[in-house]
*Asks:* 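Input: one structure, supplied below.
Only a predicted model underlies this, so the values are computations on that prediction, with no experimental measurement involved.
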Number of protein chains: 2
Amino acid sequence: MYTIKEVSEKTGVSEHTLRFWAKSGFFPFVKRNQNNIRQFSEDDLGWVRIVQCLRKVGIENKSIKRYIDLCIMGDSTIQERYEIIKTTKEKARKQMEDLKHQLDMLEYKEQFYQNLIKNNLKDSWNPMNKMKENLNCAI
Amino acid sequence: MYTIKEVSEKTGVSEHTLRFWAKSGFFPFVKRNQNNIRQFSEDDLGWVRIVQCLRKVGIENKSIKRYIDLCIMGDSTIQERYEIIKTTKEKARKQMEDLKHQLDMLEYKEQFYQNLIKNNLKDSWNPMNKMKENLNCAI
DNA sequence: TATTATATTAGAGTTACTATCAGTCAAGTA
DNA sequence: TACTTGACTGATAGTAACTCTAATATAATA
């Protein structure tokens, strides 16, 4: 059993956000002790991790709540939950692709600046200066 | 020269967001025609794309503004701009890694539900049912 | 000439936190 | 017994980055 602090440390989700999520109905099975303190079980930790995963892929809280509610409803909703996961996975895959493009662009920019710096120091009248002049345009 | 609509279509950034970014000072060189309509040049399009790239990697608008301002200031800021791009690239690389973990988790979940569905339909008293019972816990 | 399309602006609304405050409660320590 | 610590509650305000709405203007088209 884990306190909210331990869950925060284990998952990297702030205590604030965990309470916010709890209030949003994301952890319906978390028990309290006699002092009203939340006691997260290993399974509850699993819920935290899946919520965290869905959020990181950009699923909005309303949709996460829907998924949680389906889980609570039991076996009859397995198909729908499967579809949600499949769609989310596809979304994550597209994000990976997109992020790869951004990484490529940043690598290109890095090279661009690296050349600029190298040539600026060594040689002030080489062809790179054409680029230099256009710097404000090309960023 | 492109209208805001054309830029939106070319880049996938909404007209709304483009105006918001413009207002934030991200496109200082965009000219207007006699009717006060924005006319994006090919170079301006380049600015849109780099801003889009930085946003997609999660760089906050305040930092983007800083980068834009450095660009305007000219050659003396090349080193600092280079550092920003390098740091951003590193950030993007870390995001890729993290997203890969989320993708792995979603793939695992997909398999989990797939097995559940397959076994539920074919055989109601196999070992998978243990998992089924724990579904609400394991999500 | 009337309508439609596209553009502009200011400003309100939204999401998902994030932070702060005020106050309660219980457990452990000096 | 007083004090500190950690957790809880609720309310409220602030923030980032959009996102949407409304009011208005111009230009092209029927």
Side-chain angles (χ1 to χ4, degrees), chain A residues 1-41 44-45 47-68 88 91 95 98-99 102, chain B residues 1-28 30-41 44-45 47-68 88 91 95 98 102:
Chain A
M1 288 297 188
Y2 307 106
T3 65
I4 202 162
K5 190 178 187 184
E6 286 163 341
V7 174
S8 173
E9 279 159 1
K10 269 179 178 288
T11 61
V13 180
S14 78
E15 293 180 42
H16 243 343
T17 301
L18 284 170
R19 290 207 187 89
F20 178 76
W21 285 356
K23 214 171 165 178
S24 306
F26 290 180
F27 316 131
F29 296 127
V30 170
K31 296 281 179 295
R32 311 278 189 129
N33 70 6
Q34 70 278 12
N35 297 320
N36 198 35
I37 308 287
R38 271 177 271 256
Q39 310 260 247
F40 289 77
S41 69
D44 292 325
L45 209 63
W47 285 63
V48 175
R49 289 197 205 280
I50 185 85
V51 168
Q52 187 181 23
C53 173
L54 295 175
R55 279 302 297 129
K56 280 189 174 182
V57 180
I59 306 299
E60 58 182 34
N61 289 8
K62 205 186 293 181
S63 306
I64 292 176
K65 185 56 171 46
R66 168 77 184 148
Y67 179 75
I68 299 283
T88 306
K91 193 175 165 178
Q95 273 177 43
D98 193 55
L99 199 49
Q102 314 316 320
Chain B
M1 288 297 189
Y2 308 105
T3 64
I4 202 162
K5 190 180 187 184
E6 287 164 340
V7 174
S8 173
E9 280 159 1
K10 269 179 177 294
T11 60
V13 181
S14 80
E15 295 179 39
H16 266 316
T17 301
L18 285 170
R19 290 207 187 87
F20 176 78
W21 285 355
K23 213 173 166 179
S24 305
F26 291 179
F27 315 131
V30 170
K31 297 279 178 298
R32 308 276 189 134
N33 70 7
Q34 71 278 11
N35 296 321
N36 198 34
I37 307 287
R38 270 176 273 255
Q39 312 258 244
F40 288 78
S41 70
D44 292 325
L45 207 63
W47 285 63
V48 174
R49 289 196 207 282
I50 185 82
V51 168
Q52 187 181 24
C53 174
L54 296 175
R55 276 305 296 127
K56 280 190 174 183
V57 180
I59 305 301
E60 58 182 35
N61 289 8
K62 206 186 292 179
S63 306
I64 291 176
K65 186 56 171 44
R66 169 77 184 146
Y67 180 73
I68 299 283
T88 305
K91 193 175 166 178
Q95 271 177 45
D98 191 57
Q102 313 315 321

*Asks:* Does D:dT9 have its OP1 or OP2 closer than 4.0 Å to a side-chain nitrogen or oxygen of A:R32?
*Replies:* yes
*Asks:* Whole angstrom is fine here: how far is it from NZ in A:K62 over to C1' in C:dT14?
*Replies:* 10 Å
*Asks:* Atom CD1 of A:I64 and atom C1' of C:dC17: how far apart are they, to the nearest Å?
*Replies:* 13 Å
*Asks:* Please determine, for the side chain of B:F20, which listed nucleotide (D:dT19, D:dC20, D:dA16) has the closest atom?
*Replies:* D:dT19
*Asks:* With a non-hydrogen cut-off below 4.0 angstrom, is B:S14 in contact with a base, only sugar-phosphate, or nothing?
*Replies:* nothing
*Asks:* Give one of base, sugar-phosphate or nothing for B:T3, where a contact means two heavy atoms less than 4.0 Å apart.
*Replies:* sugar-phosphate
*Asks:* When rounded to the nearest 0.5 angstrom, what is the spacing between CG in B:N33 and CG in B:N35?
*Replies:* 5.0 Å
*Asks:* Compare all side-chain heavy atoms of A:L18 with those of A:F26 and state whether any distance is below 4.5 angstrom.
*Replies:* no
*Asks:* Looking at C:dC17, I'd like to know if its phosphate oxygens (OP1 or OP2) sit under 4.0 Å from a side-chain N or O belonging to A:W21.
*Replies:* yes
*Asks:* Want to settle it: does B:Q34 or B:G58 sit nearer the 5' end of DNA chain D, counting the closest nucleotide to each?
*Replies:* B:G58
*Asks:* Please report the distance, rounded to the nearest Å, between CD in B:E6 and C1' in C:dA5.
*Replies:* 14 Å
*Asks:* Check whether the ring centres of A:W47 and A:F29 lie less than 6.0 Å apart, and answer yes or no.
*Replies:* yes
*Asks:* Would you mind reading off the distance between A:E15 atom CD and C:dT20 atom P, rounded to a whole angstrom?
*Replies:* 15 Å
*Asks:* Would you classify B:R38 as touching base, sugar-phosphate or nothing, given that sugar-phosphate means primed atoms plus P, OP1 and OP2, and contacts are heavy atoms under 4.0 Å?
*Replies:* sugar-phosphate
*Asks:* In whole angstroms, how far is the C1' atom of D:dT19 from the CG atom of B:L18?
*Replies:* 13 Å
*Asks:* Does a nitrogen or oxygen in the side chain of B:N35 sit under 4.0 Å from OP1 or OP2 of C:dA7?
*Replies:* no
*Asks:* When the distance from CD of A:Q52 to P of C:dC17 is rounded to whole Å, what number comes out?
*Replies:* 11 Å
*Asks:* Identify which nucleotide among C:dA19, D:dA7, C:dT6 has an atom closest to any side-chain atom of A:H16, counting heavy atoms from C-beta outward.
*Replies:* C:dA19
*Asks:* From the list C:dA16, D:dG6, D:dA17, which nucleotide is the closest neighbour of the side chain of B:E60?
*Replies:* D:dA17
*Asks:* May I ask you to decide whether B:E6 forms a salt bridge with B:K10, counting only side-chain N to carboxylate O separations under 4.0 Å?
*Replies:* no
*Asks:* Less than 4.5 Å apart, side chain to side chain, heavy atoms only: is that true for A:L99 and B:K56?
*Replies:* no
*Asks:* Establish, with yes or no, whether the OP1 or OP2 oxygen of D:dC18 is under 4.0 angstrom from a side-chain nitrogen or oxygen of B:R55.
*Replies:* yes
*Asks:* May I ask you to verify if any side-chain N or O of B:N61 is less than 4.0 angstrom from the OP1 or OP2 atom of D:dT15?
*Replies:* no
*Asks:* Before you tell me yes or no, could you show the steps for A:V51 and A:I68 under side-chain contact (heavy atoms from CB on, under 4.5 Å), namely the whole-Å CA-CA distance, both residues' side-chain angles and the distance that decides it to 0.1 Å?
*Replies:* CA-CA 9 Å; A:V51 168; A:I68 299 283; 4.1 Å; yes
*Asks:* Write down the distance between CG (B:N33) and C1' (D:dA28), rounded to a whole number of angstrom.
*Replies:* 15 Å
*Asks:* Starting at atom CG of A:N36, determine the distance to atom C1' of C:dA26, rounded to an integer number of angstrom.
*Replies:* 11 Å
*Asks:* Does C:dA10 have its OP1 or OP2 closer than 4.0 Å to a side-chain nitrogen or oxygen of B:K23?
*Replies:* yes
*Asks:* Among C:dT8, C:dA27, C:dA19, which is the nearest nucleotide to the side chain of B:R19?
*Replies:* C:dT8
